[in-house]
Amino acid sequence: MKSIETVEQYKEAIQEGKIIMLFTADWCPDCQVLKPVLPEIEQQFPDYVFYSVDRDQLLDLCIEHDVFGIPSFIAYENGKEIGRFVSKERKTKEEVEQFINGLNR
């Protein structure tokens with residue numbers, strides 16, 4: 001999974017293709033629970049490029065996109081938001097898979 005370090009990188013990354021942004025933080029226990037299954041999720045959905053956004057490094061970006069809970073996901077296709085799975089709740093592998101499968105409808 002690639003990391004986004006700046007707002008400019010974020011804005012550039014979402015412009016081409018199918019993108020999934022994962023908002024996370026190292027200190028977040030719910031994020032750490034999800035972390036081991038992320039490579040498997042990435043392999044399962046090869047049409048998407050996955051990026052990690054550190055909530056603490058890019059807090060203003062999170063506020064701008066109404067991401068107040070982590071882990072959270074926003075999906076884009078060619079610059080347009082096509083879905084979001086944003087909440088303060090822990091997310092399971094199955095819930096993330098359902099979210100991504102729902103994007104293709």
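Looking only at side-chain heavy atoms (C-beta outward), Lys91 and Asp30 stay at 4.5 Å or farther from each other. By the 4.5 Å heavy-atom criterion applied to side chains, Ile82 and Tyr76 are not counted as neighbours. Between Glu77 and Ile19, every side-chain heavy-atom pair lies at or beyond the 4.5 Å cut-off. At a threshold of 4.5 Å between non-hydrogen side-chain atoms, the residues Cys62 and Phe23 count as touching. Residues Leu103 and Tyr48 form a side-chain contact, since some pair of their non-hydrogen atoms from C-beta on lies under 4.5 Å apart. Using a 4.5 Å heavy-atom threshold, the side chains of Ile20 and Phe85 count as separate.
Of the residues listed (Arg84, Lys88, Glu89), the one engaging Val86 in a side-chain contact (heavy atoms from CB on, under 4.5 Å) is Arg84, and it is the only one.
In terms of modelled atom types and a separation under 3.5 Å, the side chain of Glu64 and the main chain of Asp60 share no donor-acceptor contact.
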- Task: Show your working on side chain to side chain contact (heavy atoms under 4.5 Å, CB included) between Tyr10 and His65 and close with a plain yes or no.
- Result: CA-CA 12 Å; Tyr10 185 94; His65 291 283; 3.7 Å; yes
- Task: Please step through side chain to side chain contact (heavy atoms under 4.5 Å, CB included) for the pair Tyr51 and Ile14, ending with a clear verdict.
- Result: CA-CA 10 Å; Tyr51 289 92; Ile14 65 172; over 6 Å; no
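Seen from the ring of Phe50, Lys2 does not count as a face-on cation partner, given the 6.0 Å and 45° thresholds.
Considering all non-hydrogen atoms of both residues, Gln57 and Ile4 come closest at OE1-O, 4.4 Å.
Under a cut-off of 6.0 angstrom, the local environment of CD in Gln15 is crowded, with over 12 non-hydrogen atoms contributed by other residues, nucleotides or ligands. Under a cut-off of 6.0 angstrom, the local environment of CD in Glu81 is crowded, with over 12 non-hydrogen atoms contributed by other residues, nucleotides or ligands. Heavy-atom contacts from other residues, nucleotides or ligands closer than 6.0 Å to NZ of Lys93 number more than 12.
With sequence neighbours excluded, no residue satisfies side-chain hydrogen bond (donor to acceptor under 3.5 Å, both in side chains) with Asn78.
Atom CD1 of Ile70 is separated from atom CG of Asp56 by 6.5 Å, given to the nearest 0.5 angstrom.
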